[in-house]
Amino acid sequence: MHYISSGINVSEVPPLSHEQMNKIRRLLPPGCDGTKHLQIMRKDLEEKVQKYYYFSFKKSIVNYVLLDPSERKKLAIYSVPVAIPTRVIRAPVPWEASYKDNRAWIKNHLFTISGIMILLQNIWQKSDLLSAGLPFIPSDFEAFVQKQCQSTRDELLDKWLPECASLLNTYKHQWLRHIPLNPEAPVIALEFFSWVASLMSLQLRKLVTDSLKDLLNFICMYKLTRSFALRSVQGKSEFVKPQLLLVEMEVKEPHIEFNPSFQDCWEVIYRAFMEIIKTSENIPKQTLRHLFFVVLHLSQMIAIVLLIQVESILFPNMKKLSIRTVRPNEYLVTKLTNKAKAVFHNCTVGPMKYLNVYEKYTSLIDLTAKERISAFLNETHSLEEFTANTEPFNKMCKEIAVLHMSMPLSMFCLNAGKLNNDLFNRAAGLKDMLITFQMNKNRALNKGICQQYEDITATIRSVPENTAQLVTLDQFRVKTSEETVFTLIGEIKDAIDRLRFLMERAILPCDDVKLNAYLFQWPEKILQELEDSKVRLAATREQTEDFIEKRYLPDLTENMQKLSTKIQAFEKRDLMSMEELNISVEKIKEINLNIKEYLDEIEDINREQGLLEKGQTNFPIIQTLIAEKMPYDQLWTTALNFETKSKIWMEGPFMNLDAEAISDELDGMWKTLHKLFRTFSSFAGPQLVAKTYELKVEQFKAYLPVLKTISNRGIKERHWQQISVIVGAEIKPDETSSLFNMLEAGLSDFADKLEEIGALASKEYTLESNMRKMKDEWLDLRFTFNQYRDTDTSTVSAVDDIQVLLDDHIIKVQTMRSSPFIKPIEAECKQWEEQLVNIQDILDALIKCQITWLYLEPIFSSADIIAQMPVEGRKFGIVDGYWKNIMAEAVNDTRVLVVTSQPRMLERLLESNELLEEIHKGLNIYLEKKRLYFPRFFFLSNDELLQILSQTRDPLCVQPHLKKCFEGIAKLEFTEDMAITGMISSEKEIMPG
């Protein structure tokens, strides 16, 4: 074998001749290239022929060489297999007797040459299925074919079958003699009538095949017809052949479609072929059945029953007897329909090309023109652009109006009337859309121009209420006269152009005509209105200027001089009672109000003078009044403020006081009073008041250390006990205790030591606040649970925020425990730290358990897996029970602190994780055993292998994994009983099982 395969090069062997290969190909049945599968099989067989040819040729060469003993010795071949000898068998042969029996049987059972058969052939007549006027609507064509087929079927049933039955009855002597009266009579009779049925079946098949071919030939008439087959005769269009089908053309965005579609038309033609075949089905057999002859021999009482087939007409009680005819799946039918389909598709070229006639109207069909016009109308465009967009649609309407309403093309007659009307309406609609938009726009613009004129008229006729309105109105009049009027005249010119555009393309409503007339009257009318307004405003301006100069200014100056006298009266005031102090402050407030009023009046006067374009009047006395008033205002306001607040600070409850804010406020008072002391150096009375209150502020500031300590929010009972020890007396403040009470108890003598206690209390209070804040953050922090599939249990999700907060608080609480001020809350801090660490351990164990449980739960939900792994199944049952109990209790109250406080939650989770690890190891061992038992499982992942093993009762579950296990096999073919009948490749090749 080595020398045959490798010892001789293929190039040394003459190739297989083409004549030999062609002879081999001619042995193949026709239609071997029908499908891709057969083409591949034929190619494979040709390759095998080539292979066997070269193998045989090289084998002959090797056998010839080995005939030489020296060559065999050289090649170390000491023995050559002996070929099996050819044997020739000569007569007499063993099958001689069977040959003679078969020859005798054929002689006695061949009824082809019977006279009755010739008579049956002579009564056969042909029938024609298709003859009618054209063209047809597809549905009418189908109805016509059905009618013709039914007519032919009626002729067969009412004429041909009765004639055959009558013939058998009339000439029964010619066929009864072939049926001897012996025990073999029933069999021979059955054979005879089978011959009759076969002959009638051939005649019926001939009718069907001829009808199918006639229909095909009729369709093939259009095979060589050009797409546009018409010629001009005396100026009229005359078509060479009538069309078969009438097809509507209509728009279905974004294309033009044929109705019915070509696919529907082909299905109509295909159903015509099938209708012809259907017509020949279930034709009853003209055979004899259940005719009994009993021959009685006197010497031996033997009853011979002859069972002879009976015609359904002779014996109408017999049912389910029919003549075999052409079946729809026969090769001949497939060949004829394929030819018809090829001709049909060739005839669709013309209609498809005719669509090019409507290609220029694509924008109307796919609505891009409508979208473009809509976008165009959403933008601002000139009248020239509107004209440019309107004219193409005018042109389209004219072109569409002269298009053919019908177009005969080969097999089809295209009805384009509905299509043309639709396109015409679309083009006209877009043109009307542009004109209507311009009409509406023109109406709105004209109304807007008229409204502007009316607004101008109303404005210039109004009466100004003050100087500002007077000046504004005069400016408006000037601007209108110099600018607005000319702008409106330009807009009226544009309105004239728009009116000309619309009158050329549309008929304006009466309201638009009146609006245009009203618009064109305004330019002349508005000029007279502006002139009248100019005269009125000039007179009003003179009156306003006279009022400001002669009356307003003298009165304001006199009032400010009187106010200066009131301010100078404060120079002589010194220390006074609380009541007098309140009166002085009220007078100061009154002076402030007067000054503010004068400033507003001065601002109004200057503004009006500016509006009237007059020089503004200066009032230096107002600044003098402000400067004189300010130190007195600060002095008496500060004094009253101190008197009022110091009483509250000293005698009110100190627990509500903010020592830091009080200190800042006292600093501000002291600075103000110190500055005023130097300011009033020339006035003894005010200077004495400033100095006195400066000393009072300094005296109160001495009590601030005590106030800061006792008003500290961190002061607790233990701190008051320490203060009591320092003072040497029991100090127990209540809600009404004041700073004065504490000073009377002698706390001011121990201010330094009290500051130390206050600082310690502040540190401890900060730690307590942080602890309280951390616990508050956990109060409403909740787990998020999701339902697991369609079960009653749940799973935890989105724990990142909980984990981040947990890590942050553990670090914070550990830092707090290292603080030297933690002692008062050390036990609470330690307990909180232990709770947070416990929550962290539970969270880690919970997440780990959930991940593994989610992986294993679908596996151990299968009864097949549990049956094969009972130990691991029981362990998983324990874990599953723990998990479902924990989740059931957790979803009732999802707060983290409540969920993690379940009894033995951490212990159960740790135990579950240990069991899950053992289950996972057992599962891996189990899968390894399965792979060793069937090594192709090594190509599958654990999840894929488990999916197969968990559904062993369902063979279909193997389908998705076949590609990985077996190369070339995509899936299997199953019966309804789940029996495998074949293998299917990725290329859809089927190998029967």
Side-chain angles (χ1 to χ4, degrees), residues 557 559-600 602-603 618-652 657-708 711 739-740 743 748 751-752 755:
T557 303
N559 291 335
M560 287 190 291
Q561 291 175 351
K562 292 179 180 179
L563 185 61
S564 176
T565 304
K566 291 181 180 180
I567 295 173
Q568 292 173 1
F570 282 95
E571 297 175 358
K572 299 178 181 180
R573 297 194 179 192
D574 53 9
L575 294 175
M576 58 185 68
S577 63
M578 189 66 181
E579 183 180 355
E580 294 174 337
L581 185 61
N582 284 323
I583 294 173
S584 298
V585 171
E586 289 298 326
K587 289 183 178 181
I588 291 294
K589 291 180 179 179
E590 184 180 350
I591 292 172
N592 286 332
L593 290 175
N594 292 333
I595 291 176
K596 185 177 182 305
E597 292 174 359
Y598 297 153
L599 288 172
D600 293 341
I602 291 171
E603 184 179 357
N618 294 324
F619 297 90
I621 188 173
I622 191 66
Q623 299 302 327
T624 304
L625 291 175
I626 295 172
E628 290 177 351
K629 179 268 309 180
M630 186 175 296
Y632 297 108
D633 187 5
Q634 292 178 348
L635 175 63
W636 299 112
T637 301
T638 303
L640 181 61
N641 194 20
F642 177 77
E643 289 290 349
T644 304
K645 291 186 176 181
S646 61
K647 184 176 182 180
I648 296 173
W649 296 336
M650 183 64 69
E651 299 177 1
L657 299 179
D658 186 353
E660 294 297 332
I662 293 173
S663 177
D664 294 340
E665 192 168 358
L666 288 173
D667 289 340
M669 291 180 180
W670 186 87
K671 290 178 181 178
T672 301
L673 293 170
H674 184 70
K675 181 180 179 181
L676 291 173
F677 176 76
R678 288 180 293 175
T679 302
F680 292 121
S681 59
S682 302
F683 306 101
Q687 187 179 40
L688 176 61
V689 175
K691 185 64 177 177
T692 302
Y693 279 99
E694 182 181 355
L695 295 175
K696 287 183 179 182
V697 171
E698 290 178 353
Q699 181 182 1
F700 195 90
K701 289 175 70 176
Y703 306 140
L704 285 178
V706 177
L707 181 60
K708 289 180 180 180
S711 63
L739 174 61
F740 180 76
L743 294 176
S748 59
D752 296 338
E755 287 184 4

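Keep in mind the model is a prediction, meaning the values are calculated, not measured.
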**Q** Test: salt bridge (Lys or Arg N to Asp or Glu O under 4.0 Å). Region: residues 635-648. Which pairs qualify, not counting sequence neighbours?
**A** Glu643-Lys696, Lys645-Glu665

**Q** What class does the angle between the rings of Trp649 and Phe700 fall in, given that below 30° is parallel, 30 to 60° is tilted and above 60° is perpendicular?
**A**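 Correct class here is tilted.
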
**Q** Are Trp636 and Val689 packed together at the side-chain level, in the sense that at least one heavy-atom pair is separated by less than 4.5 angstrom?
**A**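 When only atoms from C-beta onward are counted, Val689 and Trp636 do touch, with a gap below 4.5 Å.
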
**Q** Listed by chain and number, what are the side chain to side chain contact (heavy atoms under 4.5 Å, CB included) partners of Thr644, not counting sequence neighbours?
**A** Met578, Leu640

**Q** Nearest 0.5 Å, what's the CD-CG distance between Gln687 and Leu635?
**A** 11.0 Å

**Q** Between side-chain atoms of residues 671-680 and protein atoms elsewhere (two or more places apart, or another chain), which donor-acceptor pairs fall under 3.5 Å?
**A**
unit_1	atom_1	unit_2	atom_2	d
Thr672	OG1	Gly668	O	3.0
His674	ND1	Glu694	OE2	3.1
Thr679	OG1	Lys675	O	3.0

**Q** Considering residues at least two apart in sequence or located in another chain, which fulfil the side chain to side chain donor-acceptor pair (under 3.5 Å) criterion with Asn594?
**A** none

**Q** I'd like to check the side chain to side chain contact (heavy atoms under 4.5 Å, CB included) partners of Met630; sequence neighbours left out, ordered by chain and number.
**A** Ile626, Gln634

**Q** Nearest 0.5 angstrom please: Leu593 CG to Glu597 CD, how far?
**A**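 Interatomic distance, Leu593 CG to Glu597 CD, rounded to 0.5 Å: 6.5 Å.
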
**Q** Hey, could you give me the OG1/CD1 distance between Thr637 and Ile588, rounded to the nearest 0.5 Å?
**A** 7.0 Å

**Q** Name all residues meeting the salt bridge (Lys or Arg N to Asp or Glu O under 4.0 Å) criterion together with Lys691; count only those two or more places apart in sequence or in a different chain, and write none if there are none.
**A** none

